[in-house]
Amino acid sequence: MEITSKDTIAHRLERLREWMRYERMGAFIFLTGDPHQSEYTADHWKGRQWVSGFDGSAGTAVVTSTSAALWTDSRYFLAAEEQLRGTEFLLMRQKVEGTPTIAEWLGNYLRENSGYTEVGIDGTICSVSIARNLIADLRSHGGFTLRTNIDPLQQLWTDRPPIPLDKVFVYPESLAGESTCSKIKRIRQALRRQHADGMLMASLDDIAWTLNLRGSDIHCNPVFISYLLISTTSVTLFINKEKLSLETKAYLDANHIRVDDYEHVEQGLYDYFEYNILMDPEEVNVDLFTGKWRNDRGSRNVEVIEAPSPVPAMKAIKNATEIEGFHRAMERDGVAMVKFLRWLDQPNKTYRTYESHESYETELSVSRQLEMLRSQQSLYRGPSFDTIAAYGPHGAIVHYEPTDESNAPLQPEGLLLLDSGAQYEDGTTDITRTIAMGPLTEEMRRAYTLVLKGHLQLQNLHFPDGACGTQLDAVARMAMWREGYNYLHGTGHGVGAFLNVHEGPHQIRMEYRGALLHAGMTVTDEPGIYLTGRFGVRIENTLLVVPAGETECGRFLRFEPLTLCPIDMRPVVPEMLTPDECHWLDTYHQMVYDRLSPYLTPEETVWLRKATAPVKDALNKKN
């Protein structure tokens, strides 16, 4: 979707309020999401962006008859402030002291300014859990009610993009490492352990993983819009049939997967003949969960078992084939990164000055150069998310993405934060490097070294099998906490096998996440420091959880780096590193050199040898 003008936002709010008065509605809530609770959504479901102009991947807009506000998290504070400037929308900074919740803010407003007690939300994109929490919160802050079976965008968004019709393709077992039949068998076994006869699967990456299919309906995520209904004897895929090629249809037939229209999912639930069905309230939307199929079935009702889907935990543990695919993908990605870093490091690059009109590199040009180099690698399928190329003060914007308007020229000084990733058919990558472009301040160097120390402390941690990410999170923050620094985003997330770059259920973050860590899981390690108006630092590798041995106290695990790319040593403050940290860096850099050098030209190999030199040599040369 294109950037929306402030006048257009004002006109849309005027039309929305006319509709709200007609419906006698006090407010309407616009969530970020789709009917499948996806993190990133197809343009068809970007209603929150349509009404507010804010294009971040997380946020909730709320509109009343005379006011509007948008809630988002720390990753988007600066970006949202810029995009909402000149509109009616107030920025509500989530988890910042003094910021009201949506229910608190609505309660105060509606009591004083509206005679209407009903708040609307599109129930097709609102999960059961979110709806229930909102209902309880609205009730406790003024007795307001939530109406979920309504969507003003069906009437107001006249040029709304259609639901994507891109083709679905078969993901071969040679890359998946397990057949669809085997996965369905395992899912049914897991359902029996929960005393469930079947389940409705709504999460798009779960469906793609289960069926060994991939698509391109969502930007950067190789998934396709669909539902999957599993019973004791049948499996039905609800999808627009135009998306299926003859090969895909034959594949589904061979695996005994029935196909029905996407819009017929509720009819499929109505026809469901088992005694009970599992539905994950975090994944299934409230309109489908509470639909007519539950109340219009004659004398027989199907019991709904509300429980987490068993699929994310299965998908999170990569099999041997997937792990080997990650290793291959990371090598190719590392080659592209080395070629890029060497290109960026060329001494003949020129930079724009205020006095001249010389050629120069910008945030967008380096982003395009990196994507071009990745596209030259085999099995490349596109980026795994939009590249964050953030120079100077833009580095403090956690999820900054350069645009034609914000595109900053690089100068031979300061820091460039580059967070990027790629989709390869045998693996998904996610890597961040912060790069010294020239002279740095002491504050930059200390912040960089603190982030590096946090990254290394987590990467080299040993921990009990079954620990959760929240228990590990503080390890990455200890060094910076001692200096009074912190960051508000998570430290790590799972990464899919040619699937979503953000994959659960496990995470490493301050907020409690109970999912346990086990061998075979992938997870990122990405601490950071962000100083508004000055700079940002983040260093990220993707890691694999592997066994570390067994003692009388039980099994222990550790992390094995999957990402292969040198870490810039030029910003490091030498005396802040311990001998162990220097040894860990030397070991990692030697692995990077050994794995990547066979695929590089002689000139690139010379550059990589210098970039992976022993820490002592690198720091001595710098100083």
Between [X] and [Y], does any side-chain donor sit less than 3.5 Å from a side-chain acceptor?
X	Y	answer
D586	Q590	no
T8	S5	yes
S129	E282	yes
H455	Q459	yes
D430	H502	no
E443	T441	no

_Contacts of type side-chain hydrogen bond (donor to acceptor under 3.5 Å, both in side chains), residue E88, not counting sequence neighbours_ = R17

Test your reading of the model: is there a side-chain donor-acceptor pair from [X] to the backbone of [Y], 3.5 Å cut-off?
X	Y	answer
D34	H36	yes
T99	Q94	no
N221	V223	no
T563	T542	yes
R445	V572	yes
T72	A58	yes
T428	G496	yes
R433	P566	yes
N407	E363	yes
S367	L364	no

*In sequence, state the C-alpha distance, the side-chain angles, and the governing distance for D333 and Q377, and then conclude on side-chain contact (heavy atoms from CB on, under 4.5 Å).*
CA-CA 8 Å; D333 204 60; Q377 301 299 312; over 6 Å; no

Can you confirm whether [X] sits close enough to [Y] that some side-chain heavy atom of one is under 4.5 Å from a side-chain heavy atom of the other?
X	Y	value
M92	P100	yes
I567	L452	yes
L410	T362	no
F28	V51	no
I388	S420	no
I102	I29	yes
V546	F559	no

*More than 12 foreign heavy atoms under 6.0 Å from CZ of F463: is that the case here?*
yes

*asked:* Counting neighbours of CZ on R446 that are heavy atoms of other residues, nucleotides or ligands and sit closer than 6.0 Å, is the number greater than 12?
replied: no

Is any side-chain N of the basic residue among [X] and [Y] closer than 4.0 Å to the acidic one's carboxylate O?
X	Y	value
D345	R570	yes
K318	E503	yes
R538	D419	yes
R93	E81	yes

*Please step through side-chain contact (heavy atoms from CB on, under 4.5 Å) for the pair Q457 and W584, ending with a clear verdict.*
CA-CA 10 Å; Q457 289 297 326; W584 291 333; 3.9 Å; yes

Minimal non-hydrogen separation, [X] against [Y], with atom names:
X	Y	answer
T387	P402	O-CD, 3.9 Å
L204	S38	CD1-OG, 3.6 Å
L70	S52	CD1-OG, 3.7 Å
A80	L91	CB-CD1, 3.8 Å
L415	V537	CD1-CG2, 3.8 Å
P439	P412	CD-O, 3.2 Å

*asked:* Please tell me whether H489 and Y530 form a close aromatic pair, meaning their ring centres lie under 6.0 Å apart.
replied: yes

*asked:* side chain to side chain donor-acceptor pair (under 3.5 Å) for Q83 and D55? Distances and angles first, verdict last.
replied: CA-CA 8 Å; Q83 292 180 9; D55 64 2; 2.8 Å; yes

*Steps toward side chain to side chain donor-acceptor pair (under 3.5 Å) verdict (H219, D43)*: CA-CA 9 Å; H219 179 55; D43 287 349; over 6 Å; no

*Could you state the interatomic distance from CG (L543) to CZ (R558), rounded to the nearest 0.5 Å?*
11.0 Å

*Distance from L450 atom CG to W481 atom CH2, nearest 0.5 Å?*
13.5 Å

*Mark yes or no: R332 above the aromatic ring of Y599, with NZ or CZ under 6.0 Å from the six-membered ring centre and no more than 45 degrees from the axis.*
no

*Is the Lys NZ or Arg CZ of R374 less than 6.0 Å from the centre of Y380's six-membered ring, within 45° of the axis?*
no

*asked:* Exactly one of D580, T612, V615 should register a side-chain contact (heavy atoms from CB on, under 4.5 Å) with L585. Which one does?
replied: V615

_Parallel, tilted or perpendicular: ring planes of F340 versus W343, cut at 30 and 60 degrees_ = tilted

*Residues in ring-ring contact (aromatic ring centres under 6.0 Å, His included) with F89, at least two apart?*
none

*Sorted by first residue and then second, give each ring-ring contact (aromatic ring centres under 6.0 Å, His included) pair with at least one member in residues 382-414; sequence neighbours left out.*
Y76-H399, H394-Y400

_Run the side-chain contact (heavy atoms from CB on, under 4.5 Å) test on L458 and T491 for me, step by step, so that the C-alpha distance in whole Å, both residues' side-chain angles and the decisive distance to 0.1 Å come before the verdict._
CA-CA 9 Å; L458 179 60; T491 301; 3.6 Å; yes

*Would L416 and T434 count as a side-chain contact (heavy atoms from CB on, under 4.5 Å) if you check the C-alpha gap in whole Å, the side-chain angles of each, and the deciding distance to 0.1 Å?*
CA-CA 6 Å; L416 171 67; T434 303; over 6 Å; no

